[in-house]
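Beneath this line is the structure, given in structure tokens, with notes to follow.
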Amino acid sequence: MEPYRRHRRILTASLVGTAVEFYDFYIYGTAAALVFGPLFFPSESPSAQLMLSFMSFGLAFFARPVGAVVFGHFGDRIGRKSTLVASLMLMGASTLLIAFLPTFAMVGWVAPLLLCILRFGQGFGLGGEWGGAALLAVENAPPGWQSRFGMFPQLGAPVGFIAANGLFLLLGLWLSDADFAAWGWRIPFLVSAVLVGLGLWVRLKIGETPAFSEALERDAPVGVPIGELLRGHFVATLAGTFAVVACFAIFYLATSFALAHGTTTLGYPKEEFLLIQLGAILFMAAGIIFAGYASDASSAQRVLRWGCGATMLVGLLFGPALASGSWLTIFAGLATSLFVMGLVYGPLGSWLTGLFPVRVRYTGASVAFNVGGILGGAAAPIAAQALGDWRGTEVVGLYLALAGLVSFCGLALVTKIERGDA
């Protein structure tokens with residue numbers, strides 16, 4: 001426990017930032033699932049409204065790789081700390097401004113345009129967030145503690161989810177559906193300002209990572225990190241991109257999509273479903289912690305392989321559990337899915353950053369993570385909605401099985417790199 005105590009400020013800074021990231025992302029995802037369709041995307045078909053709402057949700061995933069290149073450039077040239085502060089400020093400002101947006105009924109097409117612009121801003125800021133937080137933790141880790149330190153940014157995901165989901169649950173209990181749709185949905189976006197302020201306060205008190213400082217002493221920073229990454233580490237970037245697909249797919253199917261589909265198509269009560277998800281997310285935290293310790297005891301690559309195999313199995317069970325009509329079965333399905341997400345998400349902090357040398361590590365880890373997010377996260381709710389419209393809820397999890405297979409291929413590619421075959 002001594003390394004935890006000695007580096008508690010660093011670990012807190014890495015956790016708080018990703019907690020804010022997932023809080024911001026999830027309040028948008030929840031609002032998109034519950035109210036953004038009719039408020040910002042009028043249409044005769046509720047299914048079309050929901051699809052358009054999810055498309056705006058997915059827009060941020062396309063902004064994230066752009067942000068990854070920009071923030072990665074400065075993170076590899078001027079340092080991790082200042083870049084992390086800038087990414088958090090942009091992300092927080094975009095989220096806060098969503099609280100003040102007019103609806104389609106007020107200003108017509110300008111409303112969805114402004115929503116999409118701010119959603120892009122959210123994603124752009126987020127593009128530099130995870131990679132920097134992971135480096136902050138891993139590059140300060142003592143030998144043999146990389147995965148246990150690297151799990152702290154990952155633990156920000158369940159923390160942010162609980163904060164967001166818990167707030168929506170309270171609002172659902174306090175407000176009528178009409179009041180929530182009229183103005184209550186804005187409250188979580190306002191609250192994000194408090195969390196961003198806390199994150200900035202913590203991050204401004206930390207120093208630069210030892211690995212980056214030592215790299216600067218040995219050599220000048222890379223002129224164009226993305227250029228060197230693509231010239232010298234393209235296969236590693238491709239492998240990392242494929243490897244992160246599974247964790248994004250599980251998270252957004254078990255959270256945003258499950259909430260939207262469960263409370264509309266399947267007719268489950270909103271408050272009860274949010275409560276079920278709050279309990280299930282604890283299993284994600286347990287999976288992350290288990291994966292962090294298991295990765296340091298064996299290897300992150302091995303734990304990720306376990307997780308990918310489990311993702312394919314979960315994909316076959318997810319849809320039937322969601323459609324079962326039994327709260328116990330729904331909870332078991334979501335809890336199992338999110339525990340498996342912990343296995344494919346927990347080791348990424350140490351595994352993904354370890355694919356790249358220090359001089360291009362911020363760019364490499366950020367680009368791989370965020371491009372993989374397009375395949376696993378942006379497409380997940382849309383693909384699941386399409387599968388549900390095609391053959392019903394029982395088949396929506398097939399996308400998870402495919403995501404697990406794609407991530408498994410990414411891990412296999414890394415093994416080929418290590419053997420010198422690629």
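For clarity, every value in this text was computed on a predicted model and none was experimentally measured.
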Sequence neighbours excluded - side chain to side chain donor-acceptor pair (under 3.5 Å) pairs with any residue from residues 117-126
Thr95-Gln122, Arg119-Gln122

What's the spacing between Leu204 CG and Lys81 NZ if we round to 0.5 Å?
6.0 Å

Name all residues meeting the salt bridge (charged side-chain N to carboxylate O under 4.0 Å, His left out) criterion together with Arg359; count only those two or more places apart in sequence or in a different chain, and write none if there are none.
Asp219, Glu228

Kindly assign one of parallel, tilted or perpendicular to the pair Phe40 and Phe36, based on the angle between their ring planes and the thresholds 30° and 60°.
perpendicular

Given the rule in the side chain to side chain contact (heavy atoms under 4.5 Å, CB included) test, do Leu411 and Cys308 qualify, once you have shown the distances and angles that lead to the verdict?
CA-CA 9 Å; Leu411 296 173; Cys308 289; 3.8 Å; yes

Is there side-chain contact between Val303 and Ser298, with at least one heavy-atom pair below 4.5 Å?
yes

Hey, can you tell me if Tyr268 and Trp327 have their rings parallel, tilted or perpendicular (30° and 60° cut-offs)?
tilted

Within the 6.0 Å centroid threshold, strictly below: Phe71 and Phe124
yes

Which heavy-atom pair separates Asp177 from Lys270 by the least distance, and what is that distance?
OD1-NZ, 4.0 Å

Enter the distance from Thr363:OG1 to Asp76:CG here, rounded to the nearest 0.5 Å.
4.0 Å

Spatial distance of atom CG (Leu405) from atom SG (Cys409) [nearest 0.5 Å]:
4.5 Å

What pairs with Asp179 under side chain to side chain donor-acceptor pair (under 3.5 Å), at least two apart in sequence or on another chain?
Ser176

Working note: Arg80 + Arg361, criterion side chain to side chain contact (heavy atoms under 4.5 Å, CB included); need CA distance, chi angles, decisive distance, verdict.
CA-CA 10 Å; Arg80 310 336 191 183; Arg361 187 174 287 166; 4.1 Å; yes

Ring-face cation contact, Trp145 with Arg148, 6.0 Å cut, 45° max:
yes

Would you say the rings of Tyr4 and Phe152 are close, in the sense that their centroids are separated by under 6.0 Å?
yes

Within the structure provided, determine whether Leu11 and Leu15 are in side-chain contact (heavy-atom separation under 4.5 Å).
no

More than 12 heavy atoms of other groups within 6.0 Å of Phe408 CZ:
no

Sorted by chain and number, sequence neighbours left out, side-chain contact (heavy atoms from CB on, under 4.5 Å) with Cys116 holds for Ser56, Leu59

Nearest-0.5 Å distance that lies between atom CG in Leu230 and atom OG1 in Thr237
6.5 Å

Here the pair of heavy atoms bringing Ala133 nearest to Arg203 is CB-NH2, 4.1 Å

For residues 279-289, which side-chain donor-acceptor pairs fall under 3.5 Å, sequence neighbours excluded?
none

Look at the side chain of Gln277 and the backbone N and O of Thr255, then say whether any donor-acceptor pair between them is shorter than 3.5 Å.
yes

Can you list every salt bridge (charged side-chain N to carboxylate O under 4.0 Å, His left out) pair that touches residues 303-322, not counting sequence neighbours?
none

If I compare all heavy atoms of Ala239 with all of Trp351, which pair ends up nearest, and what's the gap?
O-CH2, 4.3 Å

Extract all donor-acceptor atom pairs below 3.5 Å that involve side chains of residues 328-345 and protein atoms in other chains or at least two apart in sequence.
from, atom 1, to, atom 2, distance (Å)
Thr329, OG1, Ser326, OG, 3.3
Thr336, OG1, Ala332, O, 2.7
Ser337, OG, Gly333, O, 2.8

List the steps and the verdict of side chain to side chain contact (heavy atoms under 4.5 Å, CB included) for Leu304 and Leu348.
CA-CA 8 Å; Leu304 286 168; Leu348 285 181; 4.1 Å; yes

Does any non-hydrogen side-chain atom of Leu113 lie less than 4.5 Å from one of Ile117?
yes

Return each pair, listed once, that meets ring pair (Phe, Tyr, Trp, His ring centres under 6.0 Å) where at least one residue sits in residues 194-245; pairs must be two or more places apart or across chains.
none

Can you find a pair of side-chain heavy atoms, one from Met151 and one from Tyr293, that are under 4.5 Å apart?
yes

Closest non-hydrogen contact found for His73 with Gly223 is CE1-O, 3.4 Å

Atom CG of Leu175 and atom CG of Leu170: how far apart are they, to the nearest 0.5 Å?
10.0 Å

Leu316 meets the side-chain contact (heavy atoms from CB on, under 4.5 Å) criterion, sequence neighbours left out, with Leu398

With sequence neighbours left out, write down each residue that passes side chain to side chain donor-acceptor pair (under 3.5 Å) with Thr353, or none if nothing qualifies.
none

Test item: Val314 and Ile250 side chains (from C-beta on) under 4.5 Å apart, heavy atoms:
no

Using a 3.5 Å distance criterion without hydrogens, assess whether the side chain of Thr311 forms a donor-acceptor pair with backbone atoms of Gly404.
no

Is any side-chain heavy atom of Leu274 closer than 4.5 Å to one of Glu271?
no

Heavy-atom nearest pair, Gly131 first then Tyr362, reads C-CE2, 4.4 Å

Glu129 and Val20: CA distance, side-chain angles, deciding distance, side chain to side chain contact (heavy atoms under 4.5 Å, CB included) verdict:
CA-CA 10 Å; Glu129 175 58 40; Val20 173; over 6 Å; no

Passing option when Pro65 is tested against Thr241, Val367, Ile374, Val70 for side-chain contact (heavy atoms from CB on, under 4.5 Å)
Ile374

Could you state the interatomic distance from CE (Met91) to CG (Leu126), rounded to the nearest 0.5 Å?
5.0 Å

Could you tell me how the ring of Phe257 sits relative to the ring of His261: parallel (under 30°), tilted (30 to 60°) or perpendicular (over 60°)?
parallel

Is the backbone N or O of Ala246 less than 3.5 Å from a side-chain atom of Ser407, with the two atoms forming a donor-acceptor pair by type?
yes

Please tell me if the side chains of Phe149 and Ser350 come closer than 4.5 Å, counting only heavy atoms from C-beta onward.
no

So does Gly144 get a backbone contact from the side chain of Gln146, meaning a donor-acceptor N/O pair under 3.5 Å?
yes

Give a yes or no on whether Phe74 atom CZ has more than 12 heavy-atom contacts from other residues, nucleotides or ligands under 6.0 Å away.
no

What pair of heavy atoms forms the shortest contact from Ser295 to Ala300, and how long is it?
OG-CA, 3.5 Å

Do Leu352 and Leu355 come close enough that some side-chain heavy atom pair is under 4.5 Å?
yes

Listed by chain and number, what are the side-chain contact (heavy atoms from CB on, under 4.5 Å) partners of Thr12, not counting sequence neighbours?
Val16, Val202

Kindly write out the residues that satisfy side-chain contact (heavy atoms from CB on, under 4.5 Å) with Leu96, not counting sequence neighbours, or none if the list is empty.
Phe100, Leu190, Ala193

